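Computation of the quantities below employed the complete heavy-atom set of this structure, encompassing side-chain atoms and omitting hydrogens, waters and symmetry-equivalent molecules. Note that the coordinates shown come from a computational prediction; the quantities given were computed from them, not determined experimentally. Order of the sequence lines sets the chain letters (A, B, ...), proteins ahead of strands, with each chain counted from 1.
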There are 2 protein chains.
Amino acid sequence: MAAMHRRYHHGDLRAALLTRAEQTLREKGPGALSLRELARDLGVSHAAPSRHFKDKQALLDALALAGFDRLHETLAASREAGETFPDRLGGLVRAYVDFAVANAELLDLMYTVKHDPAASEALIAAAHRLGAMAEEMVAEGQRDGEVREGPVDSIALPVFTTLHGFASFAMSSVLSAEQVADGLDAVIAYMLRGCAP
Amino acid sequence: MAAMHRRYHHGDLRAALLTRAEQTLREKGPGALSLRELARDLGVSHAAPSRHFKDKQALLDALALAGFDRLHETLAASREAGETFPDRLGGLVRAYVDFAVANAELLDLMYTVKHDPAASEALIAAAHRLGAMAEEMVAEGQRDGEVREGPVDSIALPVFTTLHGFASFAMSSVLSAEQVADGLDAVIAYMLRGCAP
DNA sequence: ACCTGAACACCGTTCAAGT
DNA sequence: ACCTGAACACCGTTCAAGT
C-alpha cells in the first residue's frame, strides 16, 4: 500500500472537491473559491479537477444540485412530523429558514441567476421538486378540509413563494437573526390566512 | 479642445464605469465583469478605475446601491396610482416583478449574500427603505379599514416577503415568463387574504 | 486631481505526456 | 482511467511616475 502512497488521490477526488468547495464557500465566501486552491488543498495538480468537472461552473452547478438534494431531504423529514395542516406548514417554514441561515452562501448559489439558460435545466428541475412538495402538502390539506378549495397551484405557488422570500431575506441578512425569529410566527399566521377555507 | 482629446476621460469616469458595468452585467452576466475590460472599453488605463472604486467589490456595491435607488423610484411611482388597497398592492407587486424580470442580474447582485457583514450596511439600509414602503402602504390600509388591525410589521413583513419571493422566482427563472404571468393574480389574491380584516 | 505603465501574484483552461 | 507539468491568456491590486 505504500507503493500507491500519494500517487493518485485518495479514491474519490470528485467528492473531495465538492466537500472542500462547500467548506470554503461557507467559510470564505464564493469569491474565494478557486479551482487551483482547491487542488492545492487536496494535494493534487491544478489540472486534476478538470477530469471531474469540465470547468468551474460545472463544479458550482454540482454543488448547487447537491444543496437541493439536502434541502429536499430536510424538508421531506419535516413534513412527516405534524398532525394538522398548520403544524406541517409551520414545520416546513422553520426547516426551510433553518437551512437558509445555516447554508446562506449555498442557498444563494442554488438560486443564482444563471446566464446560460440551458445549463440551469437540472437546477430548475430541482427547484420544481421543492415546489412539488408544497403542492402535495396543500393538496393533502384540501382533502382534509383544512385548506380552501381551488386549483392547487393557486395556493401552493404563493405559499412556496412566501417560504422562499422569507428564507431569502434571512440568508441575505436583510433581516437580522432576531428579526427572523420575531417575524416567523407572523409570517406563518399570514400564510395560514392565505390558505384558510 | 483638440488638445485635451483622449488625454483624460470624458468628464465622469465613475459614472461611465457604472453604466458600462451594468450593461455587461445584463448582457454577459456577472462572471464576465472585469475591471480591466471595463477600462479597455472606456479607453482608459486598467489602473484608472481604482481612483473611483477601491476594488472590484466597491464597484459592485455601488452598482447594487444604484439598483436599489431605481427600484425605490419605480415602486414609489406605482404606489401613487391606485385608489383602494387592493389596487395599490397589485400595482406594487407588478412593478416589483417587472423590475425583477427586466433587471434579473442586477437584482441578484442587490440581494447577494455579502460575506463581509460590515460592507453591506448601506445595502441593508437600502433594502429596509423598500420594506418601509410596504409598511406605509399597510398602515394606510389599516387607517382606511381595508387591512386587518394589529402591529404593522406583522402584516407588512409577510407582504414584503411574498413580494420579494415571487420576484426572486421570476428572476432566477425557477418560474417561466408564462408561469409568472399566470401566477400573478393568484399570488395577489393570496396576499389580500393575508391582509384582509 | 487624475491617470499611466510596469510589476506582482494570482487565476481558468488546454494539452501533450506520463503511469 | 487518472493525473502531471508546462504553457497561454487572462485577472485584481499596487505604486512610482507623469501632467
Side-chain angles (χ1 to χ4, degrees), chain A residues 1-25 27-64 105 109 112 114-116 119, chain B residues 1-25 27-64 105 109 112 114-116 119:
Chain A
M1 56 217 288
M4 66 170 294
H5 189 237
R6 290 287 166 212
R7 285 219 58 70
Y8 285 179
H9 191 266
H10 49 73
D12 196 347
L13 180 55
R14 194 193 133 93
L17 283 166
L18 286 174
T19 303
R20 182 73 180 165
E22 190 184 335
Q23 188 183 344
T24 73
L25 182 68
E27 291 172 0
K28 303 192 207 165
L33 205 58
S34 133
L35 287 181
R36 283 179 106 109
E37 189 176 7
L38 239 41
R40 240 176 283 137
D41 291 347
L42 297 176
V44 97
S45 97
H46 65 258
S50 75
R51 287 286 133 190
H52 303 276
F53 302 101
K54 85 174 220 290
D55 56 19
K56 191 180 183 180
Q57 189 57 52
L59 186 149
L60 293 178
D61 286 350
L63 216 47
E105 298 86 357
L109 188 68
T112 271
K114 296 295 178 304
H115 201 252
D116 180 3
Chain B
M1 58 219 286
M4 67 170 294
H5 190 237
R6 288 292 166 211
R7 284 218 60 70
Y8 284 179
H9 191 266
H10 49 73
D12 197 348
L13 179 57
R14 196 193 132 93
L17 283 166
L18 286 174
T19 303
R20 183 72 178 164
E22 191 184 335
Q23 188 183 345
T24 74
L25 182 68
E27 290 172 3
K28 304 191 206 164
L33 204 57
S34 134
L35 287 181
R36 282 180 107 108
E37 190 176 6
L38 240 40
R40 238 177 284 136
D41 290 348
L42 297 176
V44 98
S45 100
H46 65 257
S50 74
R51 287 286 134 189
H52 302 276
F53 303 101
K54 83 174 220 291
D55 57 19
K56 191 180 182 180
Q57 190 56 52
L59 185 149
L60 294 177
D61 287 349
L63 216 49
E105 298 87 357
L109 188 68
T112 271
K114 296 298 175 304
H115 198 253
D116 180 3

Practice item. For A/Leu25 and A/Glu105, work out which heavy atoms get closest and say how close. Key: O-CG, 3.6 Å
**Study point:** Proximal nucleotide (of D/dC3, C/dT4, C/dC3) relative to the B/Ser45 side chain
**Key:** C/dT4
Point to revise | Close side-chain approach of A/Phe53 and A/Leu18, heavy atoms under 4.5 Å | key: yes
Review point. Taking atom P of D/dA1 as reference, at what distance in whole Å does atom CZ of A/Arg14 sit?
Key: 18 Å
Review point. Could you state the CG-C1' distance from B/Leu17 to C/dC3, rounded to the nearest angstrom?
Key: 13 Å
Point to revise | Nucleotide opposite D/dA1 in a Watson-Crick or G-U pair, distances under 3.5 Å | key: C/dT19
Practice item. Please name the pair of heavy atoms, one in B/Ala21 and one in B/Leu38, separated by the smallest distance, quoted to 0.1 Å. Key: CB-CD2, 3.8 Å
**Study point:** Sugar-phosphate or base contact per nucleotide [nucleotides 7-15 of chain C; S, B, -; heavy atom under 4.0 Å]
**Key:** B---SBBBB
Check your understanding: Do the non-hydrogen side-chain atoms of A/Arg51 and A/Leu13 ever get within less than 4.5 Å of each other?
Key -> no
**Study point:** Minimum side-chain heavy-atom gap B/Thr112-B/Leu60 below 4.5 Å
**Key:** no
Check your understanding: Does D/dA6 have a Watson-Crick or wobble partner in any strand here, with both distances under 3.5 angstrom, and which is it?
Key -> C/dT14
Check your understanding: Which atom pair, heavy atoms only, marks the closest approach of A/Ala62 to A/Arg14?
Key -> CB-NH2, 4.2 Å
Practice item. Considering just the side-chain nitrogens and oxygens of A/His52, establish if one lies under 4.0 Å of OP1 or OP2 belonging to D/dC3. Key: yes
